[in-house]
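Convention: sequence-line order gives letters A, B, ...; per-chain numbering from 1.
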Number of protein chains: 4
Amino acid sequence: MGAVKTKRMPRAVREQQMLDAAVRTFGQRGYMAASMDEIAELAGVSKPLVYLYLNSKEDLFTACIRREAAALTEAVRAGVDPGLPTDRQLWEGLRAFFTHTARNPDGWSILHLQARTHGEPFAAEVAAMRAEIVAFVTQLIVAAAREAHHDPDLAESEVAGLAEALVGAAESLAAWANATPGVTARQAAATLMNFAWSGLGNLMDGRPWTPPDALTR
Amino acid sequence: MGAVKTKRMPRAVREQQMLDAAVRTFGQRGYMAASMDEIAELAGVSKPLVYLYLNSKEDLFTACIRREAAALTEAVRAGVDPGLPTDRQLWEGLRAFFTHTARNPDGWSILHLQARTHGEPFAAEVAAMRAEIVAFVTQLIVAAAREAHHDPDLAESEVAGLAEALVGAAESLAAWANATPGVTARQAAATLMNFAWSGLGNLMDGRPWTPPDALTR
Amino acid sequence: MGAVKTKRMPRAVREQQMLDAAVRTFGQRGYMAASMDEIAELAGVSKPLVYLYLNSKEDLFTACIRREAAALTEAVRAGVDPGLPTDRQLWEGLRAFFTHTARNPDGWSILHLQARTHGEPFAAEVAAMRAEIVAFVTQLIVAAAREAHHDPDLAESEVAGLAEALVGAAESLAAWANATPGVTARQAAATLMNFAWSGLGNLMDGRPWTPPDALTR
Amino acid sequence: MGAVKTKRMPRAVREQQMLDAAVRTFGQRGYMAASMDEIAELAGVSKPLVYLYLNSKEDLFTACIRREAAALTEAVRAGVDPGLPTDRQLWEGLRAFFTHTARNPDGWSILHLQARTHGEPFAAEVAAMRAEIVAFVTQLIVAAAREAHHDPDLAESEVAGLAEALVGAAESLAAWANATPGVTARQAAATLMNFAWSGLGNLMDGRPWTPPDALTR
DNA sequence: CATGAATGAGGGTTCATTCAT
DNA sequence: AATGAATGAACCCTCATTCAT
């Protein structure tokens, strides 16, 4: 199970191996239950080397959070074309999000569960990333309102709640999709678009939101 | 802060004191960081008594989860009048949910964060409760579809995803409402109803969902 | 070598056993080289019990210092009759000091070497005891000067230096006497009285200080 | 603060840099708390080089002790003119001693505290130096006795004790003088000469020992 | 001459858990 | 019904020391 024990690697490489092992261990065992011993073994190095490079369990976990947060936000950013209409942008972002979380369950566990459960300084780290995503969604909603130029009264606090609800729904669906066999990232994104864009009321009335490439795939 | 040290209490009473202390400690410190020492002290009893009554840390935590899960589902059930139309039922349920979680932050922390973060057997315990709530929501959605008798093809898996999204959004909003000063349970429920029932698309077009008692309060 | 493993002792007794073991271990191995494992084993208990009662290695060492310092100052105080003339008081005090340090080499090692070598907060602890002894000696010197009513100019800073020198000489002689076979506490005290009271110059001229009970013993 | 990192120095120079760093680190942190890492960094070299040149922490510390012991004895020797009368020789020796220890607090800490606190083989190393100084003092006392040709019976063991007391007092005063602002090496030496040569009894009677150059300075 | 990479061994500390009363 | 006394096991972390280049 452990990495092949290759000796004398340059520091940068070893550090990535350690982070890989740490993300996996933290993601599966949880922050507190993960032991530095296990991480070191999985990384194929001795414990002192982990401390030499990453300083402490806390620092190591923080490094994991940062790496995974950066990877996730980057994946979403890369998946979105800012030239598209807002609903299309949201659709693309959700697809990228569900795809990335499905491919990195351990990283997602760290961001979604572990970091939030174990207080400061970890919660702040992940809150920063979350704020970035919420801001992106907020801006999409505001843009949509402007496009529709119908409801100039949409209060800021109201928008904040909506963005929070949307992001929360996405987070929950990610866990659900990961745990439910047969649910693809695409399906999860479609479900959420339907739910978020059209609302249950309209769905009931037979007016779902339609994926833009429904015909081609 | 700890309970007054009264001696020779009947078992049932002592057990509740212990669970109170445990919920508070687990909720604030987290499952792993909470120590049996602290719980026993907060409960005002000696450690062996905790073991005599509740067996182990794991069992104690499981008992906490069960108690809090039962309290939450009961609160929601009690808040809903099954004779009302579906959207009204959902509205009442959400209000009850946000009210209960705001009043029991430690219990909510246990259910929402701690139990899910620390794997089996706790995750299964809380998953059972969640399934109950998802089932309730699912049934609401199905009933709504029947009322609208428009879309008999609404696939079961699709409904499951929608329910999941709705519940996830609610969970996230609960944490957000607890952490954001000035957001009441009522407001959180209204935001979520808007989002879930009308959808962003309709909101943008000026067709929000209207709280049933908007005029009276 | 370790104490007989007696079970279920009252806390006060166990604590003294632990302090005994700790004084011996710290005295012989030194503060840093002593391991809590070794101390626990010598005390005949498990390590967690040592921590339960004494908190930490630092606290344990501090407790040792306090106990040994109290024992030493008490021994000196008990040996001195404040009604006697000053040189007699000094003589009795020195005898008590050398006797006590000879009988408690580990305690003396802790006070004289270990506590001073390992910085704060230990140095302050032993400095307090030393200040007490220096104050006692200073007061003797001042009293002697008053009795001789010859030198009203004896500056305070000068007296401080003399007291320091006397105490330092005593400390050194204690280690020397312990390490040199055949040197008794009595002889060490006599040598120091000679040195301190008469001075080398007078010794050379055949005017030593005479122990008060030279004839009787 | 660390030495400038100059490369490719001859071995002898590098060794002195290492010893400088080691003396400083051992003197300030203590033998056990000092880490080879810190010493190497302060010396501006890599750790393996320290091992290459000085073999082990123990050997490095021993080398420090030897160097500082040699420096101290050499300073005292250089300060004394063997042609002078014995009290003048002692006076000069003490001045040299207090001056040197005041200027080399780290070295003095190593000799006086660290080496003695951490057992063999270090204690033996510093004991050798101490024996040399005690021998010097002993010879002074014997010479003084011969000059006074009064007490040919001054037993050898008695002289040994006196020398020990004198050296011990000097050691204590050195630490005291270093720690007490405003006390110069000269004053410390004068205090000790007074104490040792005239004795408290004569001081009280107004017969102090008079520094030879009291008039000129 | 010099070092980046790496580790075996051990130390302080904490915790869930049990025994004897 | 209740507790004071006690521990096995594990965890985080550090350090002196060595290879391979």
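- A cation-pi geometry, defined here as NZ or CZ lying under 6.0 Å from the six-membered ring centre and within 45° of its normal, does not hold between R116(B) and F122(B).
- Ionic pairing of R67(C) and D20(C) is present here: one or more N-O contacts between side-chain nitrogen and carboxylate oxygen are shorter than 4.0 angstrom.
- Atom CG of L52(A) and atom P of dC15(F) are 12 Å apart (whole Å).
- Side-chain N/O atoms of R14(C) include one lying less than 4.0 angstrom from OP1 or OP2 on dA6(F).
- Using modelled atom types, one side-chain atom of T25(B) and one backbone atom of A21(B) make a donor-acceptor pair closer than 3.5 Å.
- The side chain of Y53(A) sits closest to dA6(E) out of dA6(F), dT3(E), dA6(E).
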*Can E41(D) and E38(D) be said to form a side-chain contact (heavy atoms from CB on, under 4.5 Å), step by step?*
CA-CA 5 Å; E41(D) 189 180 9; E38(D) 188 178 355; 5.6 Å; no
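- Relative to the six-membered ring of Y31(B), K57(B) meets both conditions, a distance below 6.0 Å and an angle of at most 45° to the axis.
- When all heavy atoms of M18(B) and V50(B) are compared, the closest pair comes out as SD-CA, 3.8 Å.
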Parsed dot-bracket for DNA chain F after applying the Watson-Crick and G-U rules with both distances under 3.5 Å and | for other-strand partners is .||||||||||||||||||||
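- Residues Q17(C) and M9(C) meet the side-chain proximity criterion, which asks for heavy atoms closer than 4.5 Å.
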With B for base contact, S for sugar-phosphate-only contact and - for none (protein heavy atoms under 4.0 Å), nucleotides 16-21 of chain F reads SBBB--
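- Separating the CD atom of E41(C) from the P atom of dG8(F) is a distance of 12 Å, rounded to the nearest angstrom.
- Taking the six-membered ring wherever Trp is involved, the centroid distance between the rings of H118(D) and H118(C) falls below 6.0 Å.
- Distance CD1/I110(A) to CG/L72(A): 12.5 Å, rounded to 0.5 Å.
- The CG-P distance, from L49(B) to dG4(F), rounds to 11 Å in whole Å.
- At whole-Å resolution of the value, CD1 in I39(C) and P in dT13(E) are 11 Å apart.
- To the nearest angstrom, C1' of dA6(E) lies 13 Å from CD of Q17(A).
- As a whole-Å value, the separation of D59(C) CG from dG12(E) P is 14 Å.
- Among the atoms of the strands shown, none is found under 4.0 Å from any heavy atom of R11(B).
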